[in-house]
Amino acid sequence: MPDFDLLVIGGGAAGEKGAVQAAFFGKKVALVEKEPHLGGAMVNTGTLPSKTLRETALYLSGFRQRGLHGASMELGRKANVDDFLFRLKRVTEAERARMQKNLERHGVQVFHGAAKFVDPHTVDVGGGKLVTASNVLIATGSRPHRPDSFPFEHPNVYDSDEIVRVHAMPSSMVVVGGGVIGCEYACLFAALGTRVTVIDSKPTILGFLDTEVVGWLTERMKALGVQFRFECQVAGCDANDHDGPSVRMSLSNGEKLEADVALICAGRNANTDTLALDKAGVVPGKRGQLDVDPKTFRTRVPHIAAVGDVIGFPALASTSMEQARVAVVDMFDLKYKTRVAPLFPYGIFTIPEVSMCGETEESLEAAKIPYARGVAQLSENARGQMTGESGALKLLYRIDDRRLVGVHCIGEGATELVHIGLSAMLSGATTDHFIDACFNYPTLSEAYKYATYDALGRIEQTHGQKSRAVSSDGWDQDLFKRVLDFAAKAHGSQQVPGSGAPYVVHLVKVASELLRAHVSAPFDINFAMQCALLHDSAEDAGVKHETLSAEFGARVADGVFALTKNDSLPKAEQMADSLQRIKAQPREVWMVKLADRITNLEPAPPHWTAEKRTKYRVEAQAIHDALQEAHAGLAARIREKISQYA
């Protein structure tokens, strides 16, 4: 009988969660970790250390206060290595202790040693101690790839695991590789005042991100002081211990670079080379990675599964934990968590942060899916103004069903803000989700509403163009009313003056084109009232559009006339007020039209009571007063008519 139901190899993020998941359901579990401490790269060299150092750099540099107080990014005092690494030690120790306690609480037996297979069910867990298990979960993580062309033996040439123990604060640094790790450390050291140059063979950094977001980040990194050398490679690198810069590099474009330190970010290798996988019947692939079933995470040997960095993409701590849980549930048929969520967020802890989930503009274009983008600038958000934030939230919606398919955010807090969009996408949310939602005010989360407004304007513009192309002589009043309805929501949501302006701008353009293309559209009172509303929304948002004002003026004038005939002068007064606010030319046409219609009204019916006649006259006087400032002559003609209701 096997010693354990499950043996987990590797005590990092995935290993801990897989072991605890099985133990929670009553399985006998052991875990073997070759390092003295639990946590793997997540706790000891990668995720937590790099993010902790980032927070330290932001604190020491005063970066977050720059936008709020206009402070420079210079250090308030000279930071040394002890300052830099102080918080790191506390965070890693606390997380190691948490993991140890979690495993103990669930009864997981922990071995410290370098595991290697003896046969498919037997593993040497160190020192010749053999254990057997019905199932094995490989979660050994990865380590930095170290190309032979770089002198890693020199103390000033680092890989991404070593840099978290930097022995001195450098004044200059060359980062080879513009991927996630390279960009994160480039920003971190640049914030501390280090002169940083990033070298990459590609034409841009972070090629998997939305291109527009990459552009935003690149500009922010340049503002931080980071320099870039794109589309070139390192032709040679040597290091010395003489006075001056320690590292010298020759680039393929002929340029020479010198720096105090070099950070080489050339990808990662899976930690599988010491496992004696051949004894288990498992064959590793490129850089030691293991092929697995994408749903169950089983290898070619059914009782052996692998998760996390050892199976490659996406190689995130978050997804690795989920993979481990799913793999264990499948192993023991636990009827619990049966899949890893089809959508997951990327969190890139540059300065500022970048996060995304779902589609990019490039992926939608490649798939030929019509979409609309909506962008909200965080600098126009009330909370963003308070904190000095200058990032952006970008949403991508499919045009056919208005479903949210992509979320992209740049700015401090982006890795938190993205989860609102992630949850919405997992529930199949459309534009209505954020239009109907009520967000706390003031918060950055409100950006979801205004990015959606922006996208809706683009969607309506696209639909409007299609409608006219299909039926050039028809009037799509339902479409126009939808435009007006969206305008009403934008108008009502303008808690911060001008915050809905980008959306209203698009609506104004769409509405103007529709009105101009269909001057003979049928009239109704509600339609005229909505026209007045959209005009007022546009004016409140600071939008000026002469054609729209002229066309709306004619529509609203029709509305005033119809309302006076139907004994609805309170509404007529409101519409006349809108007319008075419309200043664009040509206003003579619709003002004369309005004056003619009012002055040609039949006298008040004989059956009207004196009270009703007085009310009608008072309200008609309000129309007169509203128009008088804009056109005194026409107001005089209306005044004559008012006397008939005395």
Side-chain angles (χ1 to χ4, degrees), residues 54 57-58 61 63-64 66-68 73 175 177-188 190-191 196-198 200 202-231 345-365 371-381 383-385 387-397 404-422 444-448 450-455 458 499 501-503:
R54 177 185 185 276
L58 290 173
S61 67
F63 180 86
R64 288 195 175 101
R66 181 181 59 164
L68 185 60
M73 259 188 352
V175 178
V180 173
I181 297 174
C183 287
E184 288 182 348
Y185 278 113
C187 290
L188 184 159
V196 180
T197 301
V198 175
D200 200 282
K202 302 179 184 64
T204 184
I205 56 174
L206 302 169
F208 64 92
L209 288 180
D210 183 275
T211 299
E212 185 176 31
V213 176
V214 169
W216 293 339
L217 177 61
T218 302
E219 291 305 310
R220 295 287 291 273
M221 290 178 67
K222 288 179 179 178
L224 199 60
V226 178
Q227 298 183 12
F228 295 94
R229 300 293 187 272
F230 290 125
E231 297 184 279
Y346 288 96
I348 304 169
F349 290 84
T350 45
I351 301 176
E353 295 176 3
V354 175
S355 195
M356 66 156 286
C357 62
E359 303 288 349
T360 65
E361 288 200 57
E362 291 69 36
S363 67
L364 291 170
E365 288 170 359
Y371 70 93
R373 62 186 284 277
V375 177
Q377 299 295 333
L378 300 186
S379 60
E380 297 176 0
N381 173 282
R383 187 63 174 269
Q385 292 170 0
T387 59
E389 183 52 61
S390 57
L393 175 69
K394 176 178 178 179
L395 305 180
L396 301 176
Y397 288 96
L404 180 65
V405 293
V407 179
H408 306 267
C409 190
I410 179 171
E412 286 305 292
T415 54
E416 296 286 350
L417 196 59
V418 72
H419 294 123
I420 298 174
L422 170 64
L444 293 179
S445 301
E446 284 187 299
Y448 275 94
Y450 294 110
T452 303
Y453 286 151
D454 189 34
R458 299 172 196 270
S499 60
Y503 176 60

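Numbering starts at 1 and runs along the sequence shown.
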Does the E184 side chain pair with the main chain of F349, one donor and one acceptor, at a distance under 3.5 Å?
yes

Can F228 and K222 be said to form a side chain to side chain contact (heavy atoms under 4.5 Å, CB included), step by step?
CA-CA 8 Å; F228 295 94; K222 288 179 179 178; 3.8 Å; yes

If I compare all heavy atoms of L404 with all of L396, which pair ends up nearest, and what's the gap?
CD1-O, 3.5 Å

Residue pair Y397 / T452, side-chain heavy-atom distance below 4.5 Å:
yes

Does T211 offer a backbone N or O that forms a donor-acceptor pair with the side chain of E362 under 3.5 Å?
yes

R458 (side chain) donor-acceptor with G374 (main chain) under 3.5 angstrom
no

Do M356 and D210 touch side chain to side chain, with heavy atoms closer than 4.5 Å?
no

Is the backbone of G358 close enough, under 3.5 Å, to the side chain of H408 for a donor and an acceptor to pair up by distance?
no

So, Y448 side chain and G421 main chain: donor-acceptor pair closer than 3.5 Å or not?
yes

Is there a donor-acceptor pair under 3.5 Å between the side chain of E353 and the backbone N or O of A414?
yes

Should I205 and V214 count as side-chain neighbours, where that means a heavy-atom distance under 4.5 Å?
yes

Step by step, would you call S445 with R383 a side chain to side chain contact (heavy atoms under 4.5 Å, CB included)?
CA-CA 9 Å; S445 301; R383 187 63 174 269; over 6 Å; no

Between D454 (side chain) and V375 (backbone), is there a donor-acceptor pair under 3.5 Å?
yes

Distance-minimising heavy-atom pair for A191 and I351:
CB-CD1, 3.8 Å

Keeping the roles fixed (side chain from Y346, backbone from V354), state whether a donor-acceptor pair exists under 3.5 Å.
no

Scanning both residues in full, the closest heavy-atom pair of E231 with P203 reads CG-CA, 3.6 Å

Please report the C-alpha distance between V175 and D200 in whole Å, then the side-chain angles of each, then the deciding distance to 0.1 Å, and finally whether the side chain to side chain contact (heavy atoms under 4.5 Å, CB included) criterion is met.
CA-CA 9 Å; V175 178; D200 200 282; over 6 Å; no

Between E389 and G391, is there a donor-acceptor pair closer than 3.5 Å when you use the side chain of the first and the backbone of the second?
yes

If every non-hydrogen atom of C409 is compared with every non-hydrogen atom of L417, which pair is closest and at what distance?
SG-CD2, 3.6 Å

For residues C183 and I348, determine if any side-chain heavy atom of one lies less than 4.5 Å from a side-chain heavy atom of the other.
no

Looking at E412 and R54, is there a salt bridge between them, counting it only when a charged N and a carboxylate O are closer than 4.0 Å?
yes

Please give me the minimum heavy-atom distance between A186 and V226, naming the atom from each residue.
O-CG2, 4.0 Å

Under 3.5 Å, is there a donor on one side chain and an acceptor on the other for Y371 and E365?
yes

Given side chain to side chain contact (heavy atoms under 4.5 Å, CB included), test L209 with W216 step by step and report yes or no.
CA-CA 11 Å; L209 288 180; W216 293 339; over 6 Å; no

Scanning both residues in full, the closest heavy-atom pair of A376 with A447 reads CB-O, 3.5 Å

